[in-house]
Undergrad: 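Once you've had a glance at the structure underneath, I'll fire off some questions.
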Amino acid sequence: MKFSPWDRLTWTVRWRFSPQEADEILDDYRELLSGRPPEDVRQVAADFGRPTEYGLWLARFWGMAGCLALPLLWNTMWFAYHQVLSLVLAAAGAALALSLGKKEEERQLGRGLWALLVVQAALLGAVFGLFAFFCFHMDTLLPLGNVGPLLHALLQLISLLAGLLGLAGLVLTRVEDRRWRAVYVLGLTVLAVTSILLAVMGSMDVSAPVTIEGLWRYCMVRMVPTALVGLGATGAALC
C-alpha cells in the first residue's frame, strides 16, 4: 500500500498531538496546502512538531512498550518466567497509561475499540478456562505426558495475541483516541495472569503443592486478584 504525502502528514500530526489538537491543525493545513505540490506537503511533515512535548510522549511510549514487551518475551520465548517482575511491569505500564493526556471532548467509542476489548477479555477468560480444564478434565482426554506441553503452547499463543493487541492499542491511543489505552491495559492484565500460571508450571520449587486441589488454590489466589485489579484499571482507562 502506497501512502500519499498528505497521509504521512496526517499520521505525523496525529502521533505528535492529541486527537482534538490534531483535527484543528489538519483542518488548517488542508486549506493552506490545497493545490500545492507533494514536495511542499512532505517538507511540512518533515519539519512539523514540538520536540519537547513529543520527546516526553516518546519516552512514555517506549516505557509502556517495554512494560508490555518484556512479559511477552518471557511468556513466549523463554522457559524462565518472572512472576513478580511481570506484575510490577503491568502495574507500571497501567499507571503510565492512566496518566496519559487530559480529558478531551468526548467522541463516540468506535466498534473497533469495543471489538478489541472483547477479544482481550476473551483471552483473559481463556487463561482461566484452560487452567480449570487442565486441573479437572484434560487428563481424561489426553495422555498425561501431553497435557503440560499442550497447555504451555496454548498459553504462549494467548500471550502473543494479547501482546500484539496491546501494542496496537498503545499506538492507537496516540493517533486516534486516548481511550484506546484500555486495550493496552487489558493486554498487560492478560500477560500478568498468564505469567503467574506459566511460572507455576515451570517452577522447580519442591514446596509447591502437588495435588490438583492445592495447585488450583495456589494459582487462583494469585490470578483472581490480578485479573480484578486489571479489569478495574481497564475500566478507568475508558474514562
Side-chain angles (χ1 to χ4, degrees), residues 1-73 89 92-120 160-188 190-191 233-234 236-239:
M1 181 183 296
K2 187 175 182 180
F3 294 99
S4 68
W6 178 257
D7 291 331
R8 295 189 179 92
L9 176 60
T10 298
W11 273 89
T12 300
V13 172
R14 290 194 179 280
W15 182 255
R16 290 175 177 260
F17 295 93
S18 69
Q20 186 176 5
E21 290 177 307
D23 288 340
E24 295 173 358
I25 292 168
L26 289 171
D27 285 342
D28 293 338
Y29 272 94
R30 188 174 287 106
E31 297 180 7
L32 289 173
L33 297 174
S34 178
R36 302 289 293 273
E39 290 73 17
D40 290 353
V41 183
R42 291 193 189 96
Q43 187 61 44
V44 171
D47 296 340
F48 209 88
R50 294 176 290 185
T52 302
E53 291 187 13
Y54 177 62
L56 178 60
W57 154 252
L58 202 59
R60 284 184 173 182
F61 174 83
W62 286 115
M64 289 186 291
C67 290
L68 186 75
L70 287 176
L72 177 59
L73 288 174
L89 289 172
L96 284 171
L98 293 175
S99 70
L100 283 178
K102 300 178 181 179
K103 191 171 183 179
E104 300 154 358
E105 182 180 347
E106 292 292 342
R107 299 180 178 183
Q108 185 176 1
L109 291 175
R111 293 182 179 179
L113 172 57
W114 288 117
L116 291 192
L117 284 175
V118 168
V119 173
Q120 292 281 47
L160 179 61
L161 292 175
L164 293 177
L165 291 177
L167 181 60
L170 179 57
V171 172
L172 290 170
T173 297
R174 182 64 177 182
V175 300
E176 289 292 337
D177 187 291
R178 62 195 288 274
R179 288 171 291 183
W180 278 94
R181 61 188 178 173
V183 177
Y184 166 78
V185 173
L186 195 48
L188 288 174
V190 177
L191 288 173
T234 300
L238 288 170
C239 298

Undergrad: Does Thr234 have any side-chain contact (heavy atoms from CB on, under 4.5 Å) partners at least two apart in sequence or in another chain, and if so, which?
TA: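 Partners of Thr234 under the side-chain contact (heavy atoms from CB on, under 4.5 Å) test: Leu117, Ala182, Val185, Leu186.
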Undergrad: Which residues pass the side-chain contact (heavy atoms from CB on, under 4.5 Å) test with Leu161, not counting sequence neighbours?
TA: Leu123, Leu157
Undergrad: Could you give the distance from CG (Leu170) to CH2 (Trp62), rounded to the nearest 0.5 Å?
TA: 9.5 Å
Undergrad: Between Val190 and Gln120, what is the shortest heavy-atom contact and its length?
TA: CG2-O, 3.7 Å
Undergrad: Do the non-hydrogen side-chain atoms of Leu116 and Trp180 ever get within less than 4.5 Å of each other?
TA: yes
Undergrad: Does the side chain of Leu172 come within less than 4.5 Å of Asp177's, by heavy atoms?
TA: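 When only atoms from C-beta onward are counted, Leu172 and Asp177 do not touch, as no gap falls below 4.5 Å.
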Undergrad: Rounded to the nearest 0.5 Å, how far does CG of Leu164 lie from CG of Leu72?
TA: 6.5 Å
Undergrad: Give, for atom CG of Leu26 and atom CZ of Arg14, the distance between the pair rounded to the nearest 0.5 Å.
TA: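 Spacing of CG (Leu26) from CZ (Arg14) equals 5.5 Å.
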Undergrad: Answer yes or no: is there a donor N or O on one side and an acceptor on the other, between the side chain of Arg181 and the main chain of Ala97, under 3.5 Å?
TA: yes
Undergrad: For the side chain of Arg178 and the backbone of Leu98, is there at least one donor-acceptor N/O pair under 3.5 Å apart?
TA: no
Undergrad: Give me the atom names and distance for the closest heavy-atom approach of Gly66 to Pro71.
TA: O-CD, 4.2 Å
Undergrad: Would you say that Val119 contacts Leu165 through its side chain, given a criterion of any heavy-atom pair below 4.5 Å between the two side chains?
TA: yes
Undergrad: Out of curiosity, Tyr184 OH to Leu167 CG, how far, rounded to the nearest 0.5 Å?
TA: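 Reported value, rounded in 0.5 Å steps: 9.5 Å.
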Undergrad: With rounding to the nearest 0.5 angstrom, report the CH2 to CG distance, Trp114 to Leu238.
TA: 5.5 Å
